[in-house]
Amino acid sequence: MLNLQDRLLCARPYGTSSALDSLAGHNRMTDLFVVAALIRATWPLTADLAPSPSLARALDHDIGRPGPAPSLRISTTAQKRWDSDVFSARGTAALLAISARILNLPLPELRLELRRVIAAMPALDDAAWGQTWLNLRRDSSPLFRHEVLQLLDQRFPRPLPTHVALPGFLLIRRRSYSPKAIPQCLPEEWAEIITAPLGHTSGRSPGKTAIRRSLAAHLVQAVTGMSLDDAGTYLGIPPAWMAAWGRFRPLEERLHGCRADLSVLFQRLTDHVADQPVVDYAARRKRFANWTLPESDLKRIVENYPSRRRLLARGSQRGARMRIGFSALVWSQLTGSEWRLAPDLQPLPVEGVAMVDAGVIHQLQGRNPDHQPFYAYLRDLLPDYASTILEGKDHQ
């Protein structure tokens, strides 16, 4: 028991790299209690994981005893509960040792063991579960919680709500990648690995943008184990967007009705990410956090296109709008983030970027059919200009 206590004190929430979080021990103990409830509800399925046959027999004896556990006897309505203690110290030692052994498995093996146990468990609404599912959703570590919830949804299918935020799904990755390699605004070809097979055509509609935002957060979540909200913060997604239906939603909710395909598609996406050249977007977001296009750079750019110079005179509204729009797109390319988050456009308006700015952006992106030659000139210039800045040859 002392050895087990030492291991539990040093434990950290599943999928994290540090136990410095003040809630880490609490999260880990909740994980342990949830697994213990699953073990009791499906006993003797996991008897082979007990440290010794004698401890397995002790737990078997305790579970087989009628009536509530000692801690529940003071209640006049007490009944047998899978989320409570057992009768003896040896039975408790066996239960906790098996739970800890399961939690200490590598992620692929953990998921296989959880799948085996959940496949044999009684219905979710059985009163004997007590507070198990409340504790899981409220206090478990994020990665463990998402793994269990995903398996529970497969075991007990239920209609997906369309207006209640669900936990993000996490899946086993065959190949690893760094969260730093995830841009806040995913390249469209990355997003299409998920959206195209599900019939979501490419484009820049608000719905497609929201899917790309949630995909980026899911990719960070899958490799770190942090919550979806924390993953959004890591990527620089504004908290207001994370809470707004039209701007962000977990993929299970956004793409409800296609959940059977999501795990396979997400696996393909993570494999694709692992194949990409390593780019540290987190460092770029930090390096260019306050970057804006210098007036001197705009002046040099205009001088290479003389026929347009008079339309960009100092102080003119057209010149200011064009500089801001071009600056936002360059910043987007430098950081891998949405142009809407560029420093030139902060603070974000309540209703999004002003239409006058969005119109300039659309011109620079070539989305407006009547775009003028100078916008095409700036658009063609953008990749080389951004590369020059990244190489440290110009203003930063």
- Message: Under 4.5 Å between side-chain heavy atoms, counting indirect links through other Ile/Leu/Val/Met/Phe/Trp/Tyr residues: same cluster for Val34 and Phe156 or not?
- Response: yes
- Message: Within this structure, what is the CG-CG distance for the pair Leu105 and Leu110, rounded to the nearest 0.5 Å?
- Response: 6.0 Å
- Message: Tell me the closest heavy-atom pair linking Leu293 and Arg323, and the distance in Å.
- Response: O-NH1, 3.0 Å
- Item | Separation of His218 NE2 from His146 NE2 (nearest 0.5 Å) | 9.0 Å
- Item | Any Leu219 side-chain heavy atom under 4.5 Å of Thr270 side chain | yes
- In the hydrophobic cluster built from side-chain contacts under 4.5 Å, what are the other members alongside Val279? Tyr281
- Would you check, one step at a time, whether the test side-chain contact (heavy atoms from CB on, under 4.5 Å) holds for Arg90 with Ser54? CA-CA 9 Å; Arg90 287 177 59 78; Ser54 62; 3.1 Å; yes
- Could you walk me through whether Asp139 and Phe33 pass the side-chain contact (heavy atoms from CB on, under 4.5 Å) check? CA-CA 11 Å; Asp139 296 322; Phe33 293 149; over 6 Å; no
- Are Trp82 and Leu124 in one and the same hydrophobic cluster, where Ile, Leu, Val, Met, Phe, Trp and Tyr link if side-chain heavy atoms are under 4.5 Å apart? yes
- Is it the case that more than 12 heavy atoms not belonging to His61 sit under 6.0 Å from its NE2 atom? no
- Do Leu55 and Leu96 share a hydrophobic cluster (ILVMFWY, side-chain heavy atoms under 4.5 Å, transitive)? no
- Identify whether the distance between the nearest side-chain nitrogen and carboxylate oxygen of Arg57 and Asp60 falls below 4.0 Å. no
- Query: Can you tell me how far CD1 of Ile63 sits from CH2 of Trp43, rounded to the nearest 0.5 angstrom?
  - Reply: 5.5 Å
- Item | Aromatic ring proximity Trp331/Trp291, centre distance under 6.0 Å | no
- Item | Gap between atom CZ of Arg213 and atom CD of Gln184 - 0.5 Å precision | 7.0 Å
- Message: Same cluster or not: Leu59 versus Leu32, using hydrophobic residues (I, L, V, M, F, W, Y) connected whenever any side-chain heavy atoms lie under 4.5 Å apart?
- Response: yes
- Where does the angle between the aromatic ring planes of Tyr385 and Phe326 fall among parallel (under 30°), tilted (30 to 60°) and perpendicular (over 60°)? tilted
- Query: Under 4.5 Å between any side-chain heavy atoms of Trp129 and Leu38, yes or no?
  - Reply: yes
- Working to the nearest 0.5 Å, report the span between CG of Leu45 and CD1 of Ile39. 9.5 Å
- Query: Does the distance from a Lys or Arg side-chain N to an Asp or Glu carboxylate O, for Arg212 and Glu338, drop under 4.0 Å?
  - Reply: no
